[in-house]
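Owing to the predicted nature of the structure, the values given are computational and were not obtained by experimental measurement. Lettering follows sequence order; numbering is per chain, from 1.
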2 protein chains.
Amino acid sequence: MIAADRVYAIIKQRILDGHYPAGSYVREATIGQELELSRTPIREALRRLVSDGWVEVIPHHGARVVSWTQRDVEEVFELRVLLEPQVVRRAATRIEASQLDSLGELACHMEQLCERGDNQAIDEIAGLNNRFHAELITAADSPRLQRLLEAIVQVPVSRRSFHHYSDEELRGSMRHHREIIRALAAGDGEWAASVMRAHILAARAAQMHPPARQTNEPRQQHA
Amino acid sequence: MIAADRVYAIIKQRILDGHYPAGSYVREATIGQELELSRTPIREALRRLVSDGWVEVIPHHGARVVSWTQRDVEEVFELRVLLEPQVVRRAATRIEASQLDSLGELACHMEQLCERGDNQAIDEIAGLNNRFHAELITAADSPRLQRLLEAIVQVPVSRRSFHHYSDEELRGSMRHHREIIRALAAGDGEWAASVMRAHILAARAAQMHPPARQTNEPRQQHA
DNA sequence: TAATCTAAAATGGTATACAACTCTTCTCGT
DNA sequence: ACGAGAAGAGTTGTATACCATTTTAGATTA
């Protein structure tokens with residue numbers, strides 16, 4: 001792996017773990033000294049981070065880590081509600097049996113973790129959920145659709161997403177996965193798209209919970 | 001504006017006007033000499049063009065202008081059918097009177113050109129049509145939606161688009177503009193979205209005409 | 001003729017030096 | 001005291017150089 005790739009990954013990681021807070025500047029010279037590299041590969045990494053939406057460049061002033069407002073989050077959900085159903089709409093007529101099997105295994109694995117319900121399990125579910133969506137995008141076989149989704153679904157949104165879920169919301173999400181698989185197996189794109197739309201809207205509702213909560217205890221379970 | 005930005009714009013323009021045909025190579029040294037710049041800003045511009053999908057890099061051989069297949073065109077229309085209606089859906093509740101006036105003037109201007117019907121008029125309509133859509137995107141006030149559309153609606157598709165239209169198709173397109181304006185004035189996002197959807201689907205149908213025709217004579221007018 | 005070797009050409013990646021720009025701060029004049 | 005303007009530090013933007021890698025075409029040779 002070339003230096004610019006490592007720099008890209010390192011900066012991205014530091015943005016995610018809070019080492020570079022939103023609004024702070026990522027200085028080319030500083031990182032260059034830390035990693036014992038010249039500014040050239042750092043610049044290239046930063047440009048890629050810009051085009052991926054992680055940082056923004058103020059000419060002659062520097063690369064600033066983007067700040068996410070509530071409006072940004074809403075904008076992303078609004079677009080996911082359009083694009084993710086299209087993913088399964090396409091996938092329904094293109095997906096192969098082996099891919100359906102993979103999805104089934106992922107869903108199964110997530111359900112098991114869901115039963116455990118501890119914080120680490122929630123984190124693992126998040127990872128598997130990403131793989132679930134990635135598998136769907138592969139099946140959709142539309143490079144542009146994939147690119148658009150990658151451009152907007154950034155981890156600042158999805159990172160802690162499942163920690164916002166109540167138990168009931170989490171179980172509902174698992175049921176969505178199963179129903180999407182059934183719809184795809186039936187080759188019914190509109191069915192799959194409808195479930196996916198509900199899936200995203202449910203995620204938005206969970207995300208919009210008043211102040212972000214770090215517990216997985218429902219606030220009004222069995223209300 | 002910094003040099004790399006200019007280079008980016010210049011290369012893009014040359015791809016659009018056919019100076020760099022699809023499949024041809026954009027040489028770093030050549031452009032550098034033309035613009036009296038070093039390879040550094042040219043390289044940066046090319047990287048951006050790659051990530052924006054305008055050119056593709058063949059390792060150690062160069063940056064090649066991408067060729068559009070029929071499949072690419074279909075993929076883009078499929079996404080426009082999703083995204084462009086969303087533009088007017090949002091715009092309906094946000095657009096201001098002055099913007100509606102601008103749209104009205106653009107529509108009026110396009111209709112006049114439509115009556116002329118010669119080739120140059122068709123070209124001018126294409127430019128005005130782009131401004132029409134740009135105005136809508138501005139009114140929609142969603143930077144991400146704008147970015148996604150800019151990422152996929154590349155002019156290789158829309159450049160000669162109206163040359164594919166029959167007279168009737170062209171007039172239908174003008175009527176769509178008017179109806180979109182009416183829907184926006186009424187604040188009815190779903191109405192506007194529906195018309196826009198029809199507008200894009202009509203454009204796709206025109207684009208898909210068997211072999212691309214360079215005349216604006218309808219093939220089966222008043223059939 | 002055909003296979004192989006060779007050299008030229010182009011990009012890929014990085015480093016370094018210098019130019020240009022921005023923002024801050026300090027001075028100077030009113 | 002206060003605002004305009006200039007000097008300075010800090011940061012990014014660009015030029016240039018270097019070598020490695022790869023491709024291509026031409027030359028060579030059996």
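To the nearest angstrom, P of C:dT14 lies 15 Å from CD1 of A:Ile31.
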- Query: Does the pair A:Val7 and A:Leu46 meet the rule for a side-chain contact (heavy atoms from CB on, under 4.5 Å), with working shown?
  - Reply: CA-CA 8 Å; A:Val7 176; A:Leu46 283 175; over 6 Å; no

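Residues satisfying the side chain to side chain donor-acceptor pair (under 3.5 Å) criterion with B:Gln13, sequence neighbours excluded, are absent altogether. Applying the side-chain contact (heavy atoms from CB on, under 4.5 Å) test to A:Ser67 and every residue at least two apart in sequence or in another chain returns A:Ala22.
Summarising the geometry, atom CG belonging to B:Asp5 is positioned 11.0 Å from atom CD1 belonging to B:Ile10; distances are rounded to the nearest 0.5 Å. Separating the NE2 atom in A:His176 from the CD1 atom in A:Ile200 is a distance of 10.0 Å, to the nearest 0.5 Å.
Contacts of residues 37-49 of chain B with DNA chain C (heavy atom under 4.0 Å): B:Arg39, B:Arg43, B:Arg47. Residues from residues 56-65 of chain B that place a heavy atom under 4.0 Å from any atom of DNA chain C, listed by number: B:Val57, B:His60, B:His61, B:Gly62.
Test A:His133, A:Arg197, A:His199, A:Arg89 against A:Glu84 for side-chain hydrogen bond (donor to acceptor under 3.5 Å, both in side chains) and you get one pass: A:His133.
Using a 4.0 Å cut-off between charged side-chain N and carboxylate O, B:Glu44 and B:Arg48 make no salt bridge.
Within the structure, salt bridge (charged side-chain N to carboxylate O under 4.0 Å, His left out) contacts touching residues 59-68 of chain B (residues at least two apart or in different chains) are B:Glu56-B:Arg64.
A:Arg144 CZ: more than 12 foreign heavy atoms inside a 6.0 Å radius.
For DNA chain D, the contact window with chain A, defined by any atom under 4.0 Å from a protein heavy atom, covers D:dT11 to D:dT14 in 5' to 3' order.
Using cut-offs of 30° and 60° on the angle between ring planes, the pair A:Tyr25 and A:His61 is perpendicular.
Note on A:Val7: nothing from the nucleic acid sits closer than 4.0 angstrom, heavy atoms only.
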